[in-house]
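Each chain gets a letter, A, B and so on, in the order the sequences are listed, and its residues count up from 1. Because the structure is a prediction, the values reported are computed rather than measured.
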There are 2 protein chains.
Amino acid sequence: MSNISDVALKANVSIATVSRVVNESDHKVNPATREKVLAAIRELDYRPNALAKGLLMKKTMTIGIIIPDISNPYYAEIVRGIQDTADGAGYAVMLHNTDRKQERIIRYIYLLREKSADGVIFSGGIINEYETLSILKELKERVVVVGRHAVDFPAVMVDNMGGATQAVQHLIGLGRRLIGCIAGPEGSTTAEDRLTGYRNALAQNGMAFDPRLVRRGTWSPESGYRLARELLAGDPRPTALLCANDQMAIGAIKAARELGLRIPGDLSVVGFDNVPTGSYFDPPLTTVEVPMYDIGVAAMRMLIDLLGGGMFEKLRLFNTKLLVRGSTA
Amino acid sequence: MSNISDVALKANVSIATVSRVVNESDHKVNPATREKVLAAIRELDYRPNALAKGLLMKKTMTIGIIIPDISNPYYAEIVRGIQDTADGAGYAVMLHNTDRKQERIIRYIYLLREKSADGVIFSGGIINEYETLSILKELKERVVVVGRHAVDFPAVMVDNMGGATQAVQHLIGLGRRLIGCIAGPEGSTTAEDRLTGYRNALAQNGMAFDPRLVRRGTWSPESGYRLARELLAGDPRPTALLCANDQMAIGAIKAARELGLRIPGDLSVVGFDNVPTGSYFDPPLTTVEVPMYDIGVAAMRMLIDLLGGGMFEKLRLFNTKLLVRGSTA
DNA sequence: CTGAAAGCGCTTACAG
DNA sequence: CTGAAAGCGCTTACAG
């Protein structure tokens, strides 16, 4: 791998001149000289070393993403949106999975700082411990969060409450009265907001909130399956279910099927997110669409604006949309 | 952000000494001096700059992954395996999606070289053009490929042929005679191998290969749906279907359902890969399990060994396993 | 238009 | 045990 000195030597110029033609600098370079340099670059297949450049310029054109788990389709979709946008703007992306472990969140933030990432997008998991907060603060002006967090960073958020309310309204409109909820885990603001939306819809319709109809899962299909079995074996037995994400809804439907319940007749089920395979289920899953890809795009755009130092949105709120399909009636 | 000189100043030592304590070097450092340095590091919250270190040491502890699309659960699972292993060994990961575009493959390889990635794992997509090959060669001794490629790199492969043969044997054992195939796209070695396995099984059982029973999809559920409709409207109409991946199988099942066909009675369907949600379908999807996560782990281990300069496996072959569930009978 | 030189933040062979 | 100095590969203000 040749470096800038090799090129300078071969073209019989200084490294300053090579740098100027490589970077298409404003500084004038004689066309003939430029040609010599270009020829040398081609011959040597020279590429500038990004580490050296980054060290000097304090800009690496690299950003970090911190998420719970890339094998979760929800985050995979967001990441794809981020990456396409990053790529279009010349940024490369480092990816880190935390499994929502505080210790790993902290470790990755430090790592990203060591590697001089220009910025960080943080999604999923909770920023609550003092250390996490204080580290993140050092990256101030370089962080965008996705979701509702108790920190003062530019954020891309989703109207989870509104979406959940709308979903329950839909169920009520269908004549369902015993509406259960498989909520997300304690501590997740997304889970809390969706649960609040569920409660609000009940309240708006003068229906009592019954804790016996509510369980908290872990977002996984397994948890949806297990909790639906509990709920459907309980008294009162719900005739409709709002699940806080599609994965749990898929698990719940399996549980209902095993108990001989027909979907949507005996049990109507609504999911949340609209993961790609939802429409391929039997019956196709009614769900609250969250535009994951667009959220990723928006987060990256926000970060780019932020790093650019100019104006930037401090908050971008995405609305959700109820997609009525076969699993409710 | 403080640097090594700040620490040296505060601790009243040279930067050489700071470097020695930071790196826990073998070079002796007086315990009292060490304490002073450690205290200064703590006070300043000093972290070494990885760019400077990488530039000097020619080792960045960063690797690159090049895949078609992270929102495809198949690759998401592989990536998770790679990342967990990389993380355990202190490597960070840069991720790039190519959508199988040759131009992007080339671009990312160059980019990874510029950023001085220590190594690259390449999966999905095709390395065939001259330019791609010649660039990759520069990274020789630093690349591991996943899948069968016409290049001489250490590789992690899957017994796709064997898996497909086994799946078709299963179908034949069930008494099915008109076995169709929704294969993967032209040019993908994975697609070719799975198709070959299908043909082999037919041949072994003295059954003729009938091109009217075969279509080529794009791996997407949509393509599976569309091609299944074609196949099921054709003559002869297949009574069983081998789909080259689960996504297409899911699409095919939807098509069959819409045509009023019962699964598995009227049409038995086998997928490939065993993506996480397959067992939640109705009926649960019979499929050929590919251990994606373990493949990622193996690829990263191989790369670590390769970079370590010692011995390393040149080829690791993973066997597949038929998972018989409800979609075949 | 061109180049010598300083400096980004590190590590390590060398001298003491 | 400690430190001065060279050097990794770049960019850019400065002088000419």
Side-chain angles (χ1 to χ4, degrees), chain A residues 1-38 40-41 44-62 90 110-118 138, chain B residues 1-38 40-41 44-62 90 110-118 138:
Chain A
M1 288 256 316
S2 46
N3 60 27
I4 197 170
S5 307
D6 298 329
V7 176
L9 217 61
K10 167 152 273 185
N12 235 294
V13 297
S14 72
I15 62 169
T17 299
V18 175
S19 174
R20 285 174 191 129
V21 348
V22 167
N23 295 297
E24 300 175 4
S25 137
D26 285 342
H27 194 109
K28 292 279 174 232
V29 173
N30 184 302
T33 314
R34 174 186 311 279
E35 278 317 313
K36 275 196 310 184
V37 173
L38 254 17
I41 288 174
L44 296 172
D45 194 24
Y46 166 72
R47 295 265 156 170
N49 180 315
L51 295 182
K53 182 163 185 172
L55 182 58
L56 196 54
M57 312 287 280
K58 293 176 176 336
K59 174 99 180 155
T60 55
M61 296 308 285
T62 302
Y110 272 124
L111 190 63
L112 256 6
R113 200 180 87 180
E114 279 179 30
K115 295 209 185 267
S116 304
D118 291 335
E138 287 191 36
Chain B
M1 289 258 313
S2 45
N3 60 27
I4 196 169
S5 307
D6 298 329
V7 176
L9 217 61
K10 167 153 274 188
N12 235 293
V13 298
S14 72
I15 61 168
T17 300
V18 175
S19 174
R20 284 174 191 130
V21 350
V22 167
N23 295 298
E24 300 175 3
S25 137
D26 284 342
H27 194 108
K28 293 278 174 228
V29 174
N30 184 302
T33 314
R34 176 186 309 278
E35 278 316 313
K36 277 197 307 183
V37 173
L38 253 18
I41 287 173
L44 296 172
D45 194 24
Y46 167 71
R47 295 264 155 170
N49 181 314
L51 295 182
K53 181 163 186 171
L55 182 58
L56 196 54
M57 312 286 280
K58 294 181 176 332
K59 173 98 179 154
T60 55
M61 295 308 283
T62 301
Y110 271 126
L111 190 63
L112 256 8
R113 201 179 87 180
E114 280 179 29
K115 296 210 185 266
S116 305
D118 292 334
E138 288 192 37

Within-4.5 Å side-chain heavy-atom neighbours: [X] and [Y]:
X	Y	answer
L38(A)	I41(A)	yes
K59(A)	D118(A)	yes
R113(A)	M1(B)	yes
Y110(A)	D45(B)	yes

Using a 4.0 Å heavy-atom cut-off across all strands, classify [X] as base, sugar-phosphate, or nothing.
X	value
T33(B)	sugar-phosphate
S19(A)	base
R47(A)	sugar-phosphate

Distance-only donor-acceptor pairs under 3.5 Å for side chains of residues 21-29 of chain A, two or more places apart:
from, atom 1, to, atom 2, distance (Å)
N23(A), OD1, K53(A), NZ, 3.0
N23(A), ND2, S19(A), O, 2.9
N23(A), ND2, S19(A), OG, 3.3
S25(A), OG, H27(A), N, 2.8

If you find the nucleotide of DNA chain C closest to A16(B) and the one closest to L51(B), which residue's nucleotide is nearer the 5' end? L51(B)
Any strand is fair game: report the nucleotide pairing with dA13(C) by Watson-Crick or G-U wobble, both distances under 3.5 Å, or none.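 Base-paired to nothing in any strand shown.
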Determine which nucleotide pairs with dA4(D), using a 3.5 Å limit on both distances of a Watson-Crick or G-U wobble pair.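 The answer is none; no pair meets the criterion.
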As an exercise, state the distance from CG of N49(B) to NZ of K58(A), rounded to the nearest 0.5 Å.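 Result: 7.0 Å between the selected atoms.
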For DNA chain D, which residues in residues 22-30 of chain B have a heavy atom at a distance below 4.0 Å? H27(B), K28(B), V29(B), N30(B)
Note: chain A reaches DNA chain C at heavy-atom distances under 4.0 Å over the stretch, first to last nt, 5' to 3', of dC1(C) to dG9(C)
Is the closest side-chain donor-acceptor distance between K115(A) and T62(B) under 3.5 Å? yes
Between the main-chain N or O of L44(A) and the side-chain N or O of S2(A), is there a donor-acceptor pair closer than 3.5 Å? yes
